[in-house]
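Quick note on labels: first sequence line is chain A, next is B, and so on, each numbered from 1.
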Amino acid sequence: MRRILVTAALPYSNGSIHLGHLLEQIQTDIWVRFQKLYGNECYYFCADDAHGTATMLSAEEAGVSKEEWISRLREEHIKDLQAFGVDHENYYSTHSPENEKLTQEIYLKLLENGAIFTDEVSQLYDSSKELFLADRYVRGKCPRCGAEDQPGDNCDMCGATYAATDLIEPRSVHSDSKPVLKSSTHYFFDLAQFTSFLREWTTSGTVREDVSNKLKEWLESGLKPWDISRDAPYFGFQIPETSNKYFYVWLDAPIGYMASFRNWCDRSGVEFDDFWKPGNDTEVHHFIGKDIVNFHALFWPAVLKCSGFRTPTRIHVHGYITVDGEKMSKSKGTFIKAETYSEFLDPETLRYYYAARLTPTINDIDFSFADFLARVNSDLVGKLVNIPSRCANFLARGFDSQLSTELSEPSLFEEFAASKASIEQLYELGDTAQVVRAVMSLADKANQYIASNPPWELAKQEGKEQELQNTCTLAINLFRTLCVYLKPIVPMLVERSEQFLNSEPLTWNDVDEPLLDHRLGKFKRLMNRIDQKQIDKLIEASKETSAIEPESDEDQITIEDFQKIDLRVAEILDARFVDGADSLLELKLKVGTGERIVFAGIRTAYDPEKLKGRHVVVVANLKPRKMRFGTSEGMVLAAGPGGSDIFLVSPDDGALSGMEVR
RNA sequence: GGCUACGUAGCUCAGUGGGUAAGAGCACAGCACUCAUAAUGCUGGGGUCGUUGGUUCGAGUCCAACCGUAGCUACCA
């Protein structure tokens, strides 16, 4: 049995979890769940990355303490990740006593081993804010192409790279003031001492070849000292024996992996040293995005090596996420937060889609809504869930949900089991795209089997009862095998399937032994199809209101157009649920002297009892519309994206039913 | 600008050390079926493999240049 410690990169304490974080967290979670299901000892750790200038300034802007700020975000992050079934042993924070202790211990080791030195650095300084400015926080005209408002490291317009001091008319983004050059002592880690170690380490199977090729550039152009200190004010850990120097956030961030683990060791009984001291046969795996390879595959192993810890077993690097072919955009509604996603769509659909797209390469992954809809509906609902759905009834009706004592075609069951070894390999490599393809091709075979031994025909024939039961038994067993294979990817769907199978939680080796002579649970719908409308709502809700683009002429209406709409104040006389409608409430409205019935899609946000007596605004001359539940004679106005965020428009006190609104 | 990757049917991808006539799933069209969430089964159309040039008896595969996309470029994290 392997003993494996796994980490995903630390989300920064400066914003919500979004599709990008989820790609990595889900990828890692799938890998970990596979290892556990397979029978290995595997632990998954993460944390919020709390330090740095950005969190410090955000807290200040929000008017709360830094501790309050990061603790709020951490709570939110944990909640979001749990909704997507991401199951960490511990989700900690880099701003923790364990991390401070480890960071200082490691620093002192580096110092003791002669890898730390100091040097004077002159850097742009915002004297009104009394803050040294990272290149990112200085903007000005590009020295090459003259483009306005470019950051201090490279130009977004022409791609030039330069130093912040080269910018024309530089200004601090914090105060708009002109920065001045100021000198200060910085602490450096002498990375060059580890050149030959890193050359060896990066080419010994710890990273894929494409990643090590990229790292060659760093190694061959000569490793420079790494600046690991920042001047006060800075949010981080203070460097021992200094009064105003702090550790750069990227020094303590990866140490946060260890700290999160140590914090958990203290309550779980697992030995910290088993995983972090050299000479053990345990494994450490980091999952990261391609943007932070240098920190994890150069700085981090060198720091570990120098301070007497073991180095990672493997660094798994993934690409970036784009949405419909473009970078996520707040104004287009493609900057999708975890919370918004889970409001409109089943989080597990994202797990499946990501799994279907993830390979071990650093290629970017495009979240294409059309592809997403098609894959989830066609694969999970049309193929997989369809199998029990088409057999369960026959077993329930004729056989009291009892499986037969033998399989009609054991060879087919064995064929499914024979994929086990190759699927293991694919999971281990992180090629879940191929796992999904392999499993879906098996699901096709299961459906073909049913089509060529049609239960609905057997059910009509006298004396074919045994054959019918056997056919359905095999189909259910094929489904069960597929559940085992997909369990790391869609654990919640498989859990519902386990309830139907009326069996213990499935384990990897269950694919070898069929479930026979066994009573199934009641079959319930295992998964719902995705409706395009849900996606539309998700995009709408993700659009930031402040990012609304100005209307074009064609979208504008005249005052005459507007006057055609008869808006009236109405009093809600009665409100009640509509049977069979998930989102509708039936409202009885008093508009002036008349009464009318309006169906409003506000059930997810309002309790009918609380609506009685309330005044709202209604479109009074809307053509009545026949619905399944009755005729709706108007429309009440409300704001918001939907779900629990619907806000009825009400007049101020004093307005009377029937009054015109204009 | 430099570096590392990527570019194959409408979409997502597979194409082993260059070698039969470029594959799969989805989407689309036709047929069949009606157990199943308009699910399933069978059949079919669709590609100058980013562009140009080169190496070779032979190139999607190797080389070069160019175009496009992404990331990095050590002080964003």
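Rounded to an integer number of Å, the gap from A:Ile365 CD1 to B:rG71 C1' is 14 Å. As a whole-Å value, the separation of A:His296 NE2 from B:rA74 P is 18 Å. The distance between atom CG of A:Asp364 and atom P of B:rG68, rounded to the nearest whole Å, is 17 Å. In this structure, A:Phe367 places its CZ atom 23 Å from P of B:rU69, rounding to the nearest Å. Regarding A:Ile288, its CD1 atom lies at a distance of 20 Å from the P atom of B:rA70, rounded to whole Å. As rounded to whole Å, 18 Å separates atom P of B:rU73 from atom CD of A:Glu220. In this structure, the CG atom of A:Asn453 is 18 Å from the P atom of B:rU40, given to the nearest Å. Here B:rC72 presents its P atom at 8 Å from NZ of A:Lys290, a figure rounded to the nearest Å.
Using atom P as the reference point in both B:rU51 and B:rA59, the two lie 15 Å apart (nearest Å). Comparing B:rU8 with B:rG23, their C1' atoms are spaced 10 Å from each other, to the whole Å. Taking atom P on both nucleotides, B:rC11 is separated from B:rG54 by 30 Å, rounded to a whole Å. Rounded to whole Å, the separation between the C1' atoms of B:rG58 and B:rA21 comes to 15 Å. When the C1' atom is compared between B:rU69 and B:rC26, the two are found 24 Å apart, to the nearest whole Å. Rounded to the nearest Å, the gap between the P atom of B:rU12 and that of B:rA70 is 15 Å. Taking the C1' atoms as reference points, B:rA24 lies 25 Å from B:rA36, given to the whole Å. Here, B:rG10 and B:rG47 have their C1' atoms 11 Å apart, quoted to the whole Å.
Counting only N and O atoms by type, the side chains of A:Asn14 and A:Thr55 include no donor and acceptor under 3.5 Å apart.
Aromatic pair A:Phe237/A:Phe247: centroids not less than 6.0 angstrom apart.
A:Met527 comes within 4.0 angstrom of a base, heavy atoms only. Residue-level contact check: A:Leu219 touches neither bases nor backbone, having no heavy atom under 4.0 Å from any strand. Counting any heavy atom pair closer than 4.0 Å across all strands shown, A:Lys327 reaches sugar-phosphate atoms only and no base atom. Nucleic acid contact for A:Leu223: base, since at least one base atom lies under 4.0 Å from a heavy atom of the residue. No contact: A:Gly15 has no heavy atom under 4.0 Å from any strand. Using a 4.0 Å heavy-atom distance criterion, A:Gln448 is classed as a sugar-phosphate-only contact.
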Show your reasoning for whether side chain to side chain donor-acceptor pair (under 3.5 Å) applies to A:Asn244 and A:Tyr234.
CA-CA 9 Å; A:Asn244 65 340; A:Tyr234 191 75; over 6 Å; no
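Of the two residues near RNA chain B, A:Asp366 and A:Asn213, the one whose nearest nucleotide lies more 5' is A:Asn213.
Sorted by first and then second residue, the side chain to side chain donor-acceptor pair (under 3.5 Å) pairs with a member in residues 218-228 of chain A read A:His186-A:Asp227; sequence neighbours excluded. Residue pairs satisfying the side chain to side chain donor-acceptor pair (under 3.5 Å) criterion with at least one member in residues 289-301 of chain A, sequence neighbours excluded, are listed as follows: A:Tyr257-A:His296, A:His286-A:Trp300, A:Lys290-A:Asp364, A:Asp291-A:Tyr320.
At most 12 heavy atoms of other shown residues, nucleotides or ligands fall within 6.0 angstrom of atom CD in A:Glu209. In the displayed structure, A:Glu120 atom CD is contacted under 6.0 Å by more than 12 heavy atoms of other residues, nucleotides or ligands. By the 6.0 Å contact criterion, CD on A:Glu61 is open, its count of non-hydrogen atoms from other residues, nucleotides or ligands being 12 or less. The neighbour count for A:Lys305 NZ, taken as heavy atoms of other residues, nucleotides or ligands under 6.0 Å away, does not exceed 12.
Between B:rU37, B:rG71, B:rC3, one nucleotide has an atom nearer to the side chain of A:Tyr320 than all others, and that is B:rG71. Residue A:Thr161 has its side chain nearest to B:rG1 when only B:rA74, B:rA5, B:rG1 are considered.
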Do any N or O atoms of the protein come closer than 3.5 Å to N or O atoms of nucleotides 75-77 of chain B, and which pairs are they?
| unit_1 | atom_1 | unit_2 | atom_2 | d |
| --- | --- | --- | --- | --- |
| B:rC75 | O4' | A:Arg230 | NH2 | 3.1 |
| B:rC75 | O2' | A:Asp135 | OD1 | 3.4 |
| B:rC75 | O2' | A:Asp135 | OD2 | 2.9 |
| B:rC75 | O2 | A:Gln123 | NE2 | 2.3 |
| B:rC75 | N3 | A:Gln123 | OE1 | 3.1 |
| B:rC75 | N3 | A:Gln123 | NE2 | 2.7 |
| B:rC76 | O2 | A:Arg136 | NH1 | 2.8 |
| B:rA77 | OP2 | A:Tyr248 | OH | 3.2 |
| B:rA77 | O3' | A:Asp49 | OD2 | 2.5 |
| B:rA77 | N7 | A:Trp250 | NE1 | 2.8 |

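Ion pairing between a basic and an acidic side chain is recognised when a charged N comes within 4.0 Å of a carboxylate O; A:Lys337 and A:Glu76 show no such pairing.
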For RNA chain B, produce a single dot-bracket line, 5' to 3'. Pairs: Watson-Crick or G-U wobble, both distances under 3.5 Å. Symbols: ( ) within strand, [ ] crossing, | other strand, . unpaired.
(((((((..((((.....[...)))).(((((.......))))).....(((((..]....))))))))))))....
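When the ring pair (Phe, Tyr, Trp, His ring centres under 6.0 Å) test is applied to A:Phe394, no partner is found at least two apart in sequence or on another chain.
Note: A:Leu23 CG to A:Arg357 CZ = 10.5 Å, rounded to the nearest 0.5 Å.
Under a 3.5 Å cut-off, the side chain of A:Asp346 and the backbone N or O of A:Glu348 do form a donor-acceptor pair.
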Can you give one letter per nucleotide of nucleotides 25-36 of chain B, 5' to 3': B if a protein heavy atom sits under 4.0 Å from the base, S if only from the sugar-phosphate, - if neither?
SS------SSBB
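Results of the ring-ring contact (aromatic ring centres under 6.0 Å, His included) test with A:Phe189 over A:Tyr107, A:Phe194, A:Phe117 single out A:Phe194 as the only residue that passes.
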